[in-house]
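Remember, predicted model here, so these are calculated numbers, not experimental data.
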Amino acid sequence: MAKPTAIRVAILWHMHQPDYREPHSNRLAMPWVRLHALKDYLDMPLNAGAFENVHVTFNLVPSLLDQLKLYTEGGSDSHLDLSRAPVEVLSSEQKLELLESFFAANPAQMINPFPRYRELYRKYNSGRSDRGALVSLFSSAEIRDLQVWSNLAWVDPIFRDEAPITALFAKGRHFSEEEKQVMLDWQLGLMRRVVPTYQKLQKEGRTEISFTPYYHPILPLLCDTNVATEALPSIKLPSERFVHPEDAENQIAKSVELYRELFGGDMPGMWPSEGSVSEEVLGIIARHGIKWVATDEEILSHSLAKSGLNPSDNPIHSVYKYGPGLKMLFRDHALSDRIGFVYSTWNADRAVADFVGHLKRLRSIYQNRLDRVVVPIILDGENAWEYFPDDATDFLRLFYQTLDEDPEIRTVTMSEAASEVEARPLPSVFAGSWINHSFRIWIGHAEDNAAWDLLKTTRDTVVRFQTEHPDYDREKIAAAWERIYVAEGSDWCWWYGDEHRGAHNEQFDRIFRQHLIAVYELLSLDIPFEHLKPIHIGGAGTQVVPPDTLVTPEIDGRVTHFYEWSGAGFFDCSLVGGSMHQVDRQVSGVYFAYDHDRFYIRLDFRSRKDLDLIAGLRVAVSFFVPELSIDFRLDEDSAVGGEEGKFSYALDDILEMAIERDYLWTEGFGALSFTVTLFERDQKIESWPEHEPVELEVPDRNRELFWPL
């Protein structure tokens, strides 16, 4: 029997964190580069490299590698400093900061599995309502254990057989100061292993490395902010047009230079920041000798329409050629996001079987033309895993093993796909990103536009200063330009506007402006007032903000971790001009979100103590589409409850509700509109929204919103 022809699968894992480095210091504003290094940046290539027939691509952000290097050269962050400090020298303020920031992890998979960490977390939750007395509840031994566990929980399972990690997990509690310091030193040693591991695996020919532009900018917007109008003709742009393709070229050139330094030779390809492309950007990329670029399938769909090509003759599972020879691959949206979102709650066997089943169905569809087929799987290589048990160790091992052994599937790097598959011509390319084929996340909102204006003002200042002071210190001029390039990164505008809300929006705003302020300091110029004024104004800029990602909260009546509701939709009661004065309202805001199985609603209250004075408290959620009403009775005896297969709820600091999607719709998806009403027994207290319900469309499963790339 002839050997079956395999379907090619090109997997790209994108490794990215914002540039947290603070100007003029060796400090990082947040600890996420270091903590993700413990659980993602090293184990991911090691997992892939353990299987001989598995070929994958890792796309790295150069500024991420710079931050890893900074840690190994003495860099630090507040979390690391608080971890290093002996408990006896910590002030009460430092202990409070430690308690309020050292549980920043997904409780279900990164706190609850560890008895001591779970015990400390529960104690913190039970006492945090009295912030003034919180520190006094914890002994020195408990705080030291928290210092250890807030680091230890991030260590990937494949490193738990290394000293000193094995002994710490076995001991579990009552750690000594010496044991803590040895563990923190081990972290630095692990970070030193990251780049050499990628170098070794690429040299062996099974793992390919690519880079984004250096500081992860949205290249098309650097070339011309007016490009945003191709997808959104009516979008409101910054007051001044930003047109600096030379900056886009510099960001790419710096990446190419670092790649050659670390990995030798020419950089083969690129996942541009957030999959953002335009025809001008592709021309710059091609001039730097880069052979392939990857973006999202929605860009292909709109590019085919722009080119006058028939989509049925041009499937996404192929390679395309733009211009003289730049190859383009387009991310399979649904399959990529099954890994990122669907599989975290499945056992490994079921998840891998499902993924492979989809690949084999595609193989059957393309069986007569497999020589022209490749399935690009592209997703974030770090964020998803903290929602899997044991950092997805079982899933990834079985995933790679199955791909390694199945004769009907062949994994290839992006370069292998680009060279092996005959490319289809693509005359025109639509300008957009992987998110809704537009740049709406990074431009158009008043906060985004204010950031662009501030960036342009500062950049113009550097250009003018150079002209007027040709003999000024060259090192300081170079450092000023570096601050400009950092400020061009996508991460700042990611957190401006209504689209993304988290615990650190204000901090991202401050870091962005610090980079621009540093320019004036380097040039010995007065700092303009507008640079000192926050851009992020807090809260939502409109009454209703739609969800922008899948959210799976723990229904316990508390905000159980910093990012639990990040990305949820939001209705801001304070922005509504209605019949009630603000002092009369109980509800301050309504959050709403969904994942593959449930629709969620959260109510925040103006005064939780006032709520306790309401006798016979009841909350009714009225769905107008589909037609359904659910009552949640919230007296002392029923603050937690629900009906199996229909809904559940919990009231503590907040009210959290979960409604099964299959209970709302037979198909599990569709249009949705709702209001929430508070009653005291049968007497209506207030209803939100007052006039028009919150309306949204919940897509079919696997067509929802996805991880940032």
*Could you please spell out the steps behind the side chain to side chain contact (heavy atoms under 4.5 Å, CB included) verdict for Met183 and Ile165?*
CA-CA 7 Å; Met183 176 201 65; Ile165 304 304; 4.3 Å; yes
*May I have the step-by-step check of side chain to side chain contact (heavy atoms under 4.5 Å, CB included) for Ser433 and Ile218, ending in yes or no?*
CA-CA 9 Å; Ser433 74; Ile218 304 299; 5.9 Å; no
*Take Tyr41 and Thr197 through the side chain to side chain contact (heavy atoms under 4.5 Å, CB included) test and state the conclusion after the steps.*
CA-CA 10 Å; Tyr41 301 143; Thr197 298; over 6 Å; no
*Apply the test side-chain hydrogen bond (donor to acceptor under 3.5 Å, both in side chains) to residues Asp332 and His317: give CA-CA distance (whole Å), side-chain angles for both, the deciding distance (0.1 Å), then the verdict.*
CA-CA 8 Å; Asp332 185 304; His317 303 117; 2.6 Å; yes
*Could you walk me through whether Arg27 and Ser78 pass the side chain to side chain contact (heavy atoms under 4.5 Å, CB included) check?*
CA-CA 8 Å; Arg27 292 186 56 78; Ser78 178; 4.0 Å; yes
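A distance of 8.5 Å separates CZ in Phe102 from OH in Tyr117, rounded to the nearest 0.5 Å. For the atom pair CZ (Phe330) and CG (Asp296), the distance works out to 9.5 Å, reported to the nearest 0.5 Å. Here CG of Leu38 is found 4.5 Å from CD of Gln187. Values are rounded to the nearest 0.5 Å. Taking CD of Glu208 as the reference point, atom CD of Glu416 lies at 7.5 Å (rounded to 0.5 Å). Rounding to the nearest 0.5 Å gives a distance of 5.5 Å between CD1 of Ile11 and CG of Leu403. Annotation: the span from Trp149 atom CH2 to Glu119 atom CD amounts to 11.5 Å, rounded to 0.5 Å.
With respect to Asp66 and Lys69, no salt bridge is recorded, no charged nitrogen being found less than 4.0 Å from a carboxylate O. Here Glu52 does not pair with Arg206 in a salt bridge; the nearest charged N to carboxylate O distance is not below 4.0 Å. Remark: Lys180 engages Glu177 in a salt bridge, criterion side-chain N to carboxylate O under 4.0 Å. Between Glu204 and Lys200 a salt bridge is recorded (basic side-chain N to carboxylate O distance below 4.0 Å). Salt-bridge annotation for Lys95 and Glu142: absent, with no side-chain N of the basic residue lying under 4.0 Å from a carboxylate O of the acidic one. Taking a cutoff of 4.0 Å between a charged side-chain nitrogen and a carboxylate oxygen, Arg410 and Glu420 qualify as a salt bridge. A salt bridge between Asp337 and Arg331 is present, with a side-chain N of the basic residue lying under 4.0 Å from a carboxylate O of the acidic one.
A donor-acceptor contact under 3.5 angstrom links the side chains of His216 and Ser490, judged on distance only. Side-chain N/O atoms of Ser273 and Gln251 include no donor and acceptor closer than 3.5 Å. A donor-acceptor contact closer than 3.5 angstrom is absent between the side chains of Tyr215 and Asp491. Of the N and O atoms on the side chains of Ser210 and Asn59, at least one donor lies less than 3.5 Å from an acceptor on the other residue.
Residues in residues 35-48 take part in these salt bridge (charged side-chain N to carboxylate O under 4.0 Å, His left out) pairs, two or more places apart or across chains: Lys39-Asp391.
Between Ser76 and Asp81 the shortest heavy-atom distance is OG-OD1, 2.5 Å. Considering all non-hydrogen atoms of both residues, His79 and Ser150 come closest at NE2-OG, 3.4 Å. Taking every heavy atom of both residues into account, Leu98 and Leu82 meet most closely at CD1-O, 3.9 Å. Minimum heavy-atom separation, Trp271 to Thr295: CZ3-CA, 3.5 Å. Here the closest non-hydrogen pair linking Arg34 and Leu80 is NH2-N, 3.3 Å. Scanning all heavy atoms of the two residues, the minimum distance from Val421 to Ser318 falls at CG1-OG, 4.4 Å.
Checked by atom type and distance alone, the side chain of Asp595 never pairs as donor or acceptor with a backbone atom of Leu550 at under 3.5 Å. Side chain of Gln181 to backbone of Arg84: a donor-acceptor contact under 3.5 angstrom is found. A donor-acceptor contact shorter than 3.5 Å is absent between the side chain of Ser63 and the backbone of Asp19. Using a distance-only test at 3.5 Å, with no hydrogens or angles considered, no donor-acceptor pair links the side chain of Thr207 to the main chain of Val56. Listed for the Asp404 side chain is a donor-acceptor partner under 3.5 Å among the backbone atoms of Asn53. Listed for the Thr166 side chain is a donor-acceptor partner under 3.5 Å among the backbone atoms of Arg160. No side-chain donor-acceptor contact under 3.5 Å links Glu386 to the backbone of Gln109. Proximity of a side-chain donor or acceptor of Gln17 to a complementary backbone N or O of Val33 within less than 3.5 Å is not detected. No donor-acceptor pair under 3.5 Å is formed between the side chain of Glu162 and the backbone N or O of Phe159. The main-chain N or O of Leu219 is never found under 3.5 Å from a side-chain atom of Ser276 such that the two would form a donor-acceptor pair.
For the pair Leu28/Arg21, a side-chain contact is recorded, criterion being any heavy-atom separation below 4.5 Å from C-beta on. Within the 4.5 Å cutoff, the side chain of Pro389 has no heavy atoms near those of the Asp394 side chain. You'll find the side chain of Met270 stays beyond 4.5 Å of the side chain of His288, heavy atoms only. Within the 4.5 Å cutoff, side-chain heavy atoms of Ile441 are placed close to those of Trp494. Taking 4.5 Å as the limit, every side-chain heavy atom of Thr402 sits out of range of all side-chain heavy atoms of Ile409. Within the 4.5 Å cutoff, side-chain heavy atoms of Phe395 are placed close to those of Ile339. When side chains are defined from C-beta on, Val155 counts as touching Trp186, because their heavy atoms get closer than 4.5 Å. Side-chain contact between Tyr259 and Ile209 is present, with heavy atoms from C-beta onward closer than 4.5 Å.
Between Tyr20 and Phe508, the ring planes are tilted. Angles from 30° to 60° get that label. Ring planes of Phe103 and Tyr121: tilted class, angle from 30 to 60°. In this structure, Trp492 and Phe512 have tilted ring planes: the angle between them lies in the 30° to 60° band. Ring geometry for Trp154 against Trp32 counts as tilted: the plane angle lies between 30° and 60°, on a 0 to 90° scale. By the 30° and 60° cut-offs, the orientation of the rings of Phe114 relative to Phe169 is perpendicular.
Residues satisfying the ring-ring contact (aromatic ring centres under 6.0 Å, His included) criterion with Tyr198, sequence neighbours excluded, are Phe58.
Residue-environment remark: NZ (Lys254) exceeds the threshold of 12 foreign heavy atoms within 6.0 Å.
Taking the ring centroids of Tyr485 and Tyr214, they lie at or beyond the 6.0 Å cut-off.
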Expected list for residues 261-269: side-chain donor-acceptor pairs under 3.5 angstrom, two or more places apart:
| residue | atom | partner | partner atom | Å |
| --- | --- | --- | --- | --- |
| Asp266 | OD1 | Arg260 | NH2 | 3.0 |

